[in-house]
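Before any comments, here is the structure.
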2 protein chains.
Amino acid sequence: MNLKELAQHLNLSPTTVSRALNGYPEVKETTRRRVEEAAREFNYMPNAWAKGLATGRSMSIGHVMPTSKMHEMVNPVFGDFITGASETYVKEGYDLKLTPVDDGDEAQRYRALRTRGNVDGFIVHGPHLTDGRIALLREIGLPFVVHGRASNMPADYPWIDMNNRRAFERATALLIELGHRRIALVNGLEHMDFAHRRREGFLAALASHGLVPDPALMRGGEMTERLGYRAAADMLDGTSPPTAFLVSSMVTAIGVRRALHERGLELGRDVSVIIHDDDLGYLRNGDDVPIFTATRASVREAGRRAAEMLLRMIRDPACAPLQSLMEAELILGRSTGPAPR
Amino acid sequence: MNLKELAQHLNLSPTTVSRALNGYPEVKETTRRRVEEAAREFNYMPNAWAKGLATGRSMSIGHVMPTSKMHEMVNPVFGDFITGASETYVKEGYDLKLTPVDDGDEAQRYRALRTRGNVDGFIVHGPHLTDGRIALLREIGLPFVVHGRASNMPADYPWIDMNNRRAFERATALLIELGHRRIALVNGLEHMDFAHRRREGFLAALASHGLVPDPALMRGGEMTERLGYRAAADMLDGTSPPTAFLVSSMVTAIGVRRALHERGLELGRDVSVIIHDDDLGYLRNGDDVPIFTATRASVREAGRRAAEMLLRMIRDPACAPLQSLMEAELILGRSTGPAPR
DNA sequence: CGTGGAATTGAAAGCGCTTTGGACCGCCTG
DNA sequence: CAGGCGGTCCAAAGCGCTTTCAATTCCACG
């Protein structure tokens, strides 16, 4: 059943039916109802391609995930973000188009999505400190929102981010107040912007308490269980082991915990750990009582909001670049305690 | 730059240019080259909407994720599967369209995707033992591939699955051979087909060794860390605790490990654990030496293959339903050992 | 009653591509 | 030389929708 057939059934012109269905004001209320009813009855739905062709809008959003950075991107964070974004899209009638892209032809690919006209906007995932995609997308001229920021770029693009710096600064300060002096940082890959900011927060807190950072207690890498295990193992077996860890992800912290257990150390008594918790659906930080003390911010919520921002910018192209900073909450679990003497 | 403009530049008709670009035989070789060159030069790409409208093919595949089963679906397995599928799609010029769907209007939504004509096929995620989507999709008439199977349905639809039954049967047999008699199963949600099959495999192995399953040692649920912890804690504190665990996921096993450690039990010595390992990118089961003894099958590879099957069926609609069963490999890690006496 | 403006509806021209049904040309065959 | 036949190319008709512009109807009002 297409528009023309539906119109014939109703003894109306396609014009009127189209208008009725799209909420234009110049159609009589009774006609509109008649049309809507018939549309429901025959289960009519406009053909997306024809509509896209006629309107120039595609009603879909491109999420481009770089595959060479796969380890970083195809991770639960990505999944949860996408889910959040989808919740918004589905409400507004948008679709989500996922495009993996090999690192080389990134520009090529964005342009293709543009000129083939099949997305109305982009979400950019996993920005680096310096990230060429921002200039590229601006040049391409389609609305976009970056999940995260790129510290080394002029900050006049649209983004949504969690306040990584503040979160890690607060967490570090908490550990210091608990008496810890040798605090380790197990971070993500530090060319990624979020990890860089976390480190800044960490360093700022140390500095403001007059502590000198020890390079031996800072480690960055892909946030795997293994990284946590290795980093913790090395540090704990070192000459002057840390009494506390700041860990960038739940998964990594599990590795840290493994190293602790292996050495007969008890979490929260012998060694304190604070993690950043993205509040992922399937990897919860305890239920009633959090296992880990954590800075927490829902990445799913970020996805929802990013999508809202993007849609708003699509609807109103004149709109200034929207930006949004989310604060993490600091929640107390059982993994922190006063520094052992 | 659109087709017409390109044609004018070349002093050709749009017809010829279109044919040249789409590899039709009735265009002179020199003309074709001229056209291709110009297309490259002006960076011409056909408008996807127009093309879709004209051809009736959309060059995109729908992945529908049910949001009420979110906990099960939006998990790393889903992410890795998608990644694998994308690798295939991108090679063949397809796009991946992600649609979350509220449980109620599932049928509605599939139909909408169909009649609005914006996908050429579906991948079905997370089949239940009895799953209405299969009949629905068949009725809708678009090609589809199910990731997993639905045991209670006639098996004449296209699917790709891992041999869950065999994997768990082998794993159980291994534990029995190591002398274990009280073996616990910490499974996924057992209305999900994969979990059901795993349990069958587990039971079959017990039976064929003359062992009687103990309901107190079987638990199913969402495969979270917490499930593993709770299940293990309860069972270990019970009247006759198990000496070995069979665990359906890496994440869950981490919870089991936590319970063990808390009780001063050592993995592989006091208690053996075998997991199923989906070989996820960021949650590896060790590197050189696997931490857990595991049945392993790459879910990403499954995604790749599922996509290939689907594309083949799209190209050849007369093609019989493709089906593919992948075997898991059993890898020995450090989490298993002879039963303590 | 006539009239102008608002309300309502339609005809038709795209949107950018594919594809059908020729047209034209050169060349081979009988 | 007529007829036929590949080899190339093009004009034009869609695909199903939106949107501009114009037509028609309906009323209120003078």
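Below, read A as the first sequence line, B as the second, and so on, with proteins coming before strands; counting in each chain starts at 1.
- Electrostatic pairing of Glu308(A) and Arg305(A) does not count as a salt bridge here, judged by no charged N lying under 4.0 Å from a carboxylate O.
- Between dT18(D) and Lys51(A), a contact under 4.0 Å exists linking OP1 or OP2 to a side-chain N or O.
- Without hydrogens or angle criteria, Asn2(A) side chain to Lys4(A) main chain gives a donor-acceptor distance under 3.5 Å.
- Inter-axis angle, ends of the helix from dC1(C)-dG30(D) to dG30(C)-dC1(D), five pairs per end, rounded to 10 degrees: 60°.
- At a threshold of 4.0 Å, the pair Glu36(A)-Arg33(A) does not count as salt-bridged, since none of the basic side-chain nitrogens sits closer than that to a carboxylate oxygen.
- Along DNA chain D, the nucleotide nearest Trp49(A) and the nucleotide nearest Arg57(A) are compared for position; the residue whose nucleotide lies closer to the 5' end is Trp49(A).
- Residues passing the ring pair (Phe, Tyr, Trp, His ring centres under 6.0 Å) test with Phe144(A), sequence neighbours excluded: none.
- Rounded to whole Å, the distance from CG on Leu3(B) to C1' on dC17(C) is 7 Å.
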Quick one: which protein N/O atoms are closer than 3.5 Å to N/O atoms of nucleotides 12-15 of chain D? Pair and distance per line, please.
from, atom 1, to, atom 2, distance (Å)
dA12(D), N6, Thr15(B), OG1, 3.4

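- Here the P atom of nucleotide dT19(D) and the CZ atom of Arg19(A) are 10 Å apart, to the nearest Å.
- Qualifying side chain to side chain contact (heavy atoms under 4.5 Å, CB included) partners for Ser86(B), counting only residues two or more places apart in sequence or in other chains: Met65(A), Pro100(A), Ile82(B), Leu96(B).
- Between Arg312(A) and Glu92(A) there is no salt bridge, since no side-chain nitrogen of the basic residue lies less than 4.0 Å from a carboxylate oxygen of the acidic one.
- Remark: P of dG16(D) and CG of Asn22(A) are 17 Å apart, rounded to the nearest angstrom.
- Going from atom CG of Asn11(B) over to atom C1' of dA11(D) covers 16 Å, rounded to whole Å.
- With rounding to whole Å, Met59(A) atom CE is found 15 Å from dC17(D) atom P.
- Residues Ile61(B) and Leu311(B) form a side-chain contact, since some pair of their non-hydrogen atoms from C-beta on lies under 4.5 Å apart.
- The CE atom of Met1(B) sits 14 Å away from the C1' atom of dG16(C) (whole-angstrom rounding).
- Distance alone, capped at 3.5 Å, places no donor-acceptor pair between the Glu301(B) side chain and the Met326(B) backbone.
- OP1 or OP2 of dG10(C) sits under 4.0 Å from a side-chain N or O of Thr16(A).
- For dT8(D), neither phosphate oxygen OP1 nor OP2 lies less than 4.0 angstrom from any side-chain nitrogen or oxygen of Tyr24(B).
- Atom-to-atom, CG of Leu10(B) to P of dC9(D) comes out at 12 Å; the value is rounded to the nearest Å.
- Residues passing the ring pair (Phe, Tyr, Trp, His ring centres under 6.0 Å) test with Tyr24(A): none are found, sequence neighbours excluded.
- Remark: the backbone N or O of Ala20(B) is paired with a side-chain donor or acceptor of Arg32(B) at under 3.5 angstrom.
- Using a 4.0 Å cut-off on heavy atoms, the residues of residues 26-48 of chain B that approach DNA chain D are Glu26(B), Val27(B), Lys28(B), Thr31(B), listed by number.
- In this pair, Phe81(B) and His147(B) present their aromatic rings parallel. The plane angle is below 30°, not in the 30 to 60° band.
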